Amino acid sequence: MSTEEKSLHFIEQIIEDSLSNGFPKDKLRFRFPPEPNGYLHIGHAKSICLNFGLGLKYNAPVNLRFDDTNPAKEEQEYVDAIKEDLKWLGFNWTEELYSSDYFQQLYDWAILMIKKGKAYIDSQSSEKMALQKGTPTQAGVDGPFRNRTIEENLILFEGMKNGDFPEGSHVLRAKIDMASTNMLMRDPLMYRILHRHHHRTGNQWNIYPMYDYAHGESDYIEQISHSICTLEFVMHRELYNWFLAQIYDDSKVRPQQYEFARLNLNYTVMSKRKLLQLVQENIVNGWDDPRMPTISGLRRRGYTAASIRKFCDSIGVAKRENIIDFSLLEFCLREDLNKTAPRVMAVLDPIKLVITNYPDDKEEWLDAENNQEDESAGFRKVPFSRELFIEKEDFLEEAPAKFFRLSLGREVRLKNAYIIKGERVVKDAAGNITEIHVTYDEDSRSGSGSEASQRKVAGTLHWVSIQHALETEVRLYDRLFIDEAPDSHKEKNFLEFMNPDSLQIVKGFVEPSLATVQSGDKFQFQRLGYFNVDKDSTEGKIVFNKTVGLKDAWEEKGKKEENLLMNTQKEINKYVKEKDENNANLILNNIVTNIKSIDNYSLIIQTIVKNIKNDNNSLLFSNLILLHSDKVNIKDIDEESLTKLYSMSLKSQLAAVRILVIENLQKDGGNFSLFQSQLSEMKNNEKNDKVLQVLNDLTF
């Protein structure tokens, strides 16, 4: 096998095998079939890149087909947005088609199936049909209308089409096998009555085909050779093939369905229903809110089409589901923007810096490199003057040894400018620093070649000239959720994991070269991250969105929280061993503070469960987290682990553990009654005064 063959993903290998077995290459045809019931998200991008990528690889047509069979949820707005997203991603479709184009043909085939005894009208309620279909382990049974005559079925189906019946009164079902081990084959629905306005066919139809029926038949009409779906459609393949078998003409291409693993990304949700909920409840500012995982949201935030294509290529095409870290998407973005985004200077949390030995009326325009990764990007001029803004965090009045920024008595370089030295500060009545006064070395200008300019200093700071700076609005976006799997926790609403800091709006100052920026322009704010110009910008007000930081702040935060929990567990040992009560309380307060600062829900749950073992200090740690973390409730711990924690803790030799578990049980009304007898027995036998006091305060 050649190197090229080894590099093929499994879908490509299937296609290569088809061609090797005689399938004509000119008959290859693919499609991307979105339902226009919402905006496309990053998960769809994988399918888009796969299908259109195959078209490019094999020089084969790729259709854009809207599976618009449910007028209750579909809108022209979504059609337009999907087309815009595809074009932005860089893909062109061969034909723009709609399942609604085929409504008459689908109806005619349904009539044919009724005449062959392969379909019938069922007039049961949906609840009765669900019962009649059985369960995965129990076969279904024939419904009371399964053996209606062909004539009666045709009359009823015609009446459904004509709008003679209310919604829910009748459905058309395929007549297959009520005892099939695949429940999808137990007489699935083909048509339902919907008296709804369709965005393309208007009020022409009163019945609409179900997805499972329309999808495969539409593939057949379009002569799609390889119908590529995600893994949740594996069980649908048998039904896909059954419907095709009813109409297949062996002179035509018969579509074959293949499934690949969908894209699952952490720290987000990709259910259209949940994304729609975020929009409808005004939790976000529309489908293109830069915090949304939608293609339009990512585009508005400043993502590039190239970075998304690179991301989809890097994760590959697999048969097994896995979860991709959001940081990989951000890495692909940084890699792209690093090559293309011009560097500029901006200050987002300003403090005034005055160069006391720089002339009041002097003004210089200094050379600044636009992008060190791109030699052709050239240079621009930036103004320099006596009064500047720098970031507040870049100055400490008294700094530790490893602080490589500005402080009193220390030197740093101003980017593209001079070396300065901190001299003194000016404070307001409340003691807050309002100005930093420095001196500069006139001979140290960057690029001058002087001996002073080559002097090594602790660090380099970005800045803007106050006199020349442009005031802007800067929207600092972050991940929408603080948990890596916000919609995976039982009995927890995904909205409970919203990140309260996902959007912060600040007033920033940028260099004057940005006066003529346009919506969508992208820049690296030096030392701060990548930003782009938002569409809300006007002639008198520039609005920037933070696209992504220069480093993966979430990875750093995750490591910090893991390390903090590990170090906090070590503090438990100190707390237990400490004899002095005041010192012990100080250690305990620090432990509780650390616990409350942890945001990662999954990490907290894992830590609690991991420490439910026959070890007093571990039990103490679990109980403290359960009692003091505001990110976790008792109901979030599975019942078996919780019972084990209570049982072991009540028997602990450590009085502090026994006190804490009693406090946790008081919060847990559901389990408190189960341990009443054990608590009563403890009350009679307890020797520790503090534990006994807590027990005496209980109300049984």
Side-chain angles (χ1 to χ4, degrees), residues 400-402 482-484 554-634 636-668 671 675 678-679 681-683 685-695 697-698:
K402 292 186 177 182
I482 59 173
D483 188 77
E484 60 189 25
W554 279 79
E555 183 181 8
E556 290 182 11
K557 181 181 179 183
K559 288 179 179 177
K560 283 180 180 178
E561 290 195 340
E562 287 179 16
N563 291 335
L564 181 60
L565 274 178
M566 284 192 293
N567 292 332
T568 301
Q569 193 158 10
K570 294 175 183 176
E571 291 293 303
I572 293 284
N573 299 328
K574 294 181 183 178
Y575 169 70
V576 171
K577 292 177 180 178
E578 180 57 56
K579 303 299 183 184
D580 183 272
E581 187 172 353
N582 289 330
N583 289 339
N585 285 333
L586 288 173
I587 296 171
L588 181 60
N589 288 338
N590 187 51
I591 290 170
V592 171
T593 299
N594 289 347
I595 288 170
K596 288 181 176 179
S597 73
I598 305 295
D599 288 328
N600 190 323
Y601 173 85
S602 298
L603 177 62
I604 297 169
I605 294 288
Q606 291 164 10
T607 305
I608 291 173
V609 174
K610 185 175 68 176
N611 283 281
I612 301 174
K613 53 189 177 183
N614 193 21
D615 175 84
N616 287 324
N617 290 4
S618 296
L619 291 173
L620 181 62
F621 194 34
S622 281
N623 276 289
L624 278 168
I625 297 173
L626 191 58
L627 187 64
H628 293 290
S629 173
D630 60 358
K631 301 296 185 299
V632 170
N633 295 317
I634 285 171
D636 298 330
I637 311 298
D638 69 272
E639 197 62 36
E640 183 180 349
S641 297
L642 197 58
T643 302
K644 186 177 178 183
L645 174 64
Y646 290 154
S647 182
M648 295 177 75
S649 298
L650 287 170
K651 297 173 185 175
S652 172
Q653 297 174 340
L654 202 60
V657 175
R658 301 200 297 278
I659 290 171
L660 284 170
V661 71
I662 294 168
E663 291 179 357
N664 277 321
L665 273 167
Q666 283 183 290
K667 289 170 55 181
D668 186 357
N671 281 302
F675 287 88
Q678 193 170 343
L679 290 167
E681 187 177 340
M682 279 182 68
K683 195 172 181 179
N685 300 317
E686 182 58 54
K687 300 291 192 290
N688 185 280
D689 290 340
K690 290 183 178 178
V691 179
L692 194 57
Q693 183 179 343
V694 174
L695 286 166
D697 290 339
L698 291 178

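None of these values were measured; they are calculated from a predicted model.
At least one side-chain heavy atom of L588 sits under 4.5 Å from a side-chain heavy atom of L624. With contacts defined as side-chain heavy-atom distances shorter than 4.5 Å, the pair S597/E561 does not qualify. In this structure, I608 and I637 have side chains that are in contact, with non-hydrogen atoms separated by less than 4.5 Å.
The shortest non-hydrogen separation linking L645 to V661 is O-CG2, 4.5 Å. The two residues N685 and K687 have their closest heavy-atom pair at O-NZ, 3.2 Å. Of all the heavy atoms in K667 and I634, the pair that sits closest is CB-CD1, 3.7 Å.
In summary, the side chains of S602 and D483 do present a donor paired with an acceptor at a separation below 3.5 Å, with no hydrogens or angles considered.
Of the inter-residue distances, the one linking M682 atom CE with R658 atom CZ reads 5.5 Å to the nearest 0.5 angstrom. Atom OG1 of T593 sits about 10.0 Å away from atom NE2 of H628, to the nearest 0.5 Å. Rounding to the nearest 0.5 angstrom, the gap separating the CD1 atom in I604 from the CD1 atom in I625 is 7.5 Å. Interatomic distance, L565 CG to Q606 CD, rounded to the nearest 0.5 Å: 10.5 Å. Note: Q678 CD to L650 CG = 4.5 Å, rounded to the nearest 0.5 Å. Summarising the geometry, atom CD1 belonging to I659 is positioned 6.0 Å from atom CG belonging to N688; distances are rounded to the nearest 0.5 Å.
Listed by first and then second residue, the salt bridge (charged side-chain N to carboxylate O under 4.0 Å, His left out) pairs that reach into residues 580-596 are E581-K690, sequence neighbours excluded.
Crowding of E663 atom CD: a count of heavy atoms from other residues, nucleotides or ligands under 6.0 Å exceeding 12. Atom CG of N614 has 12 or fewer heavy atoms from other residues, nucleotides or ligands within 6.0 Å. Counting heavy-atom neighbours within 6.0 Å of Q693 CD, excluding the residue itself, gives a total of 12 or less.
Take K610 and apply the salt bridge (Lys or Arg N to Asp or Glu O under 4.0 Å) test, not counting sequence neighbours, and it matches no residue.
Between E562 and K559 no salt bridge is recorded (no basic side-chain N to carboxylate O distance below 4.0 Å).
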Check: Going through the distances and angles, do N611 and Q569 end up as a side chain to side chain contact (heavy atoms under 4.5 Å, CB included)?
Finding: CA-CA 10 Å; N611 283 281; Q569 193 158 10; 2.5 Å; yes
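For the side-chain contact (heavy atoms from CB on, under 4.5 Å) test with V657, the passing option among S618, S652, S622 is S652; the others fail.
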